[in-house]
Amino acid sequence: KDKVAKLDGVKKALWVDDFVDLSVPKEILPKDMTDLLYNGDKSTMIIVMLKEGTATLTTQNTVQQIRDIVGVQGFLSGMSGIIKDTKDCADGEMPLYVIIAGILTLIVLLLTMESTVVPFVFLLSISLAIIYNFGSNIILGEISYITKALAAVLQLGVTMDYSIFLLHRYDEELTRTPDRIEAMSNAIQNTFVSIIGSSTTTVAGFLALCTMDLALGMDMGIVMAKGVIIGVLCTVTILPSLILIFDKPIHKYKHKTILPAFEKTSVFVVKHYKKLAVLFIIIFIPAFIGNNNAKVYYNLDESLPDDFASIIATNKMKDDYNMESTDFILISDKLEPNQVTSMIKELEKVEGVNSVIGLEKYIGPAIDQEMIPDEILSELKTVVSLTKVLFAEEMLKEEDDYLNFLSLGYKIIWNEYRIYFPIENGDLSVIYENQRVAKIKFKKLSIQYKDGLAYMSEEILGDVSEMTIRRAIKLIEKGV
């Protein structure tokens, strides 16, 4: 525990000795506390509080350091461990399945296209487009690891058709003119007209993901829409150059394809189009029923291999401590102890709740919390550091006293910083209205005000990116 507590990314490591002296026999401790921290005489649990979010680099490094400290005799459970294992898995396997996707695409192209050389030319062109797309992600600041893992394969599959369209059009133009440059010029013009419609609808579909409240939707939407646009540009710029450079080997080295002509299929479809239309309408019914009854899982741990360290630890928590997940509830200090005690009892009756741990549960409502040592009380109550934002250059003493009055009863520390944030009369009216109805409505605020909020937030928070802050403001704008 002491080694873990000294790590840079760890805020605190809590165990029994943080609340009672180790000389106190375990048998006389509250049952809920022993059930939480002990599995009989087999094992014990240490609660680790991290300084930063679950996915930050500091936290991920801390997770690895904790695992190194506890070794095979300990297990680290929690979302931070799951995210680290997922990230390591995605980063490690991404090159592998990109290579597999490339090999499978190459095999399909070799079997379905006459030229032996052109599949390699296609893959070279699309590989450059994927690299350009990933390189341009720098303008976003950061992207999700899920987006990074999926974008390459999706872009390969979505944009491959454009390359095939260009080659077929080029071969058609060569039958009309022997001049390769003129033929390629006509092919580019005709291909661009053909693919602009389909690519625009594809881009629109991906951009629709940006309307999701989940940041992953915006990540995936922007990266993939950008990838399609770059793929189209590469199809009409880089690919024509590569085809002209390798024109001789492309048309020299050919082989028979296994792709059938589909003549009988086309005749059958045209002949029985009415019956086929009715058939597909009938098929829609079981498809609709199946869609409505298909189960969807939201547990990230269900999609991960059982041999991951985080999944092994999660299963140990389930089996040894009967703990599927842990959640924390922050409540106002102004609540009376008897109200908190009543709340704990009601929570314990909720179906699915295994146990509830709270200070009032052990000391009772009759004991004044002021009598409890700060070393213990500080473990259960969070100190919040706040910054005062002034709408005028000078702050009246009455206004400062009012802010201090509002913070009474809370563990609030006002830091030394002051931010002067002048506002327009229109914004002031919106703020007054927000205060009157006790809601936050951003839609009517000016762009300058929103930009000011984003700048202030970035200065105060420091390690949070501007894009993350603007996403938060956008979510609030939607009607919080």
Flag if over 12 foreign heavy atoms under 6.0 Å of NZ, K252: no
Closest contact, heavy atoms only, I230 versus A129: CG2-O, 3.7 Å
From S163 atom OG to M113 atom CE, the distance as rounded to the nearest 0.5 Å: 9.0 Å
Going by the rule side-chain contact (heavy atoms from CB on, under 4.5 Å), which residues pair with V236 if we only count those two or more places apart in sequence or in a different chain? I188, F192
Quick one: CG on L216 to OG1 on T147, what's the gap to the nearest 0.5 Å? 5.0 Å
Using atom types as modelled and distance alone, determine if a side-chain donor or acceptor of K256 lies under 3.5 Å from a backbone N or O of E114. no
If you take all heavy atoms of A152 and V98, which pair is closest and at what distance? CB-CG2, 4.0 Å
Going by atom types alone, do K254 and T116 pair a side-chain donor with an acceptor below 3.5 Å? no
Test side-chain contact (heavy atoms from CB on, under 4.5 Å) on I238 and Y132; report intermediate values, then the result. CA-CA 12 Å; I238 297 175; Y132 297 153; 3.4 Å; yes
Could you report the tightest heavy-atom contact between G9 and T58, atom names first, then the distance? CA-CG2, 3.9 Å
CA sep, side-chain torsions, deciding dist, call: K148, M94, side-chain contact (heavy atoms from CB on, under 4.5 Å): CA-CA 8 Å; K148 178 184 176 183; M94 189 184 75; 3.9 Å; yes
Main-chain N/O of V108 paired with T112 side-chain donor or acceptor, under 3.5 Å: yes
Quick test of your reading of the model: are D68 and K3 salt-bridged, counting only N-O distances below 4.0 Å? no
Would the distance check show the side chain of N133 and the main-chain N or O of M224 forming a donor-acceptor pair, the cut-off being under 3.5 Å? no
Flag, side chain of S185 to backbone of I181, donor-acceptor distance under 3.5 Å: no
Would you check if the side chain of S115 reaches a backbone N or O of I250 as a donor-acceptor pair within less than 3.5 Å? yes
Atom CZ of F246: over 12 foreign heavy atoms under 6.0 Å: no
May I ask you to decide if L233's main-chain N or O and Y162's side chain share a donor-acceptor pair within less than 3.5 Å? no
In chain order, what residues pass the side chain to side chain donor-acceptor pair (under 3.5 Å) check against D179, with sequence neighbours excluded? none
Value rounded to 0.5 Å, distance of CE in M184 from CD in E173: 10.0 Å
Close side-chain approach of I222 and C210, heavy atoms under 4.5 Å: yes
Taking every non-hydrogen atom, the tightest pair across M160 and L123: CE-CD2, 4.3 Å
I'd like to know if D2 and K6 make a salt bridge, using a cut-off of under 4.0 Å between side-chain N and carboxylate O. no
What are the two closest heavy atoms between L174 and A183, and how far apart are they? CD2-CB, 3.7 Å
More than 12 non-hydrogen atoms from neighbouring residues, nucleotides or ligands closer than 6.0 Å to CD1 on I138, yes or no? no
Rounded to the nearest 0.5 Å, what's the gap from CG on L167 to CG on D171? Could you check? 4.5 Å
Distance, nearest 0.5 Å, that separates CG of L150 from CG of D219: 11.5 Å
What distance separates I82 CD1 from S77 OG, expressed to the nearest 0.5 Å? 6.5 Å
Walk me through it: do K84 and S310 pass the test side chain to side chain donor-acceptor pair (under 3.5 Å)? CA-CA 9 Å; K84 175 172 175 55; S310 58; over 6 Å; no
side-chain contact (heavy atoms from CB on, under 4.5 Å) assessment of T105 paired with I126: CA-CA 11 Å; T105 301; I126 293 178; over 6 Å; no
Can you sort out the partners of Y170 under side chain to side chain donor-acceptor pair (under 3.5 Å), two or more places apart, ordered by chain and number? D247
Could you check S194 against T191 for side chain to side chain donor-acceptor pair (under 3.5 Å), going step by step and ending with a plain yes or no? CA-CA 5 Å; S194 299; T191 300; over 6 Å; no
Exercise: identify the closest heavy-atom pair between W15 and M45: CD1-O, 3.2 Å
Apply side-chain contact (heavy atoms from CB on, under 4.5 Å) to residues L279 and K275 and explain how you reach the verdict. CA-CA 6 Å; L279 176 62; K275 295 179 181 179; over 6 Å; no
Please confirm whether the backbone N or O of L57 pairs with a side-chain atom of N61, one donor and one acceptor, at under 3.5 Å? yes
What I want to check is whether the side chains of T62 and T59 have a donor and an acceptor closer together than 3.5 Å. no
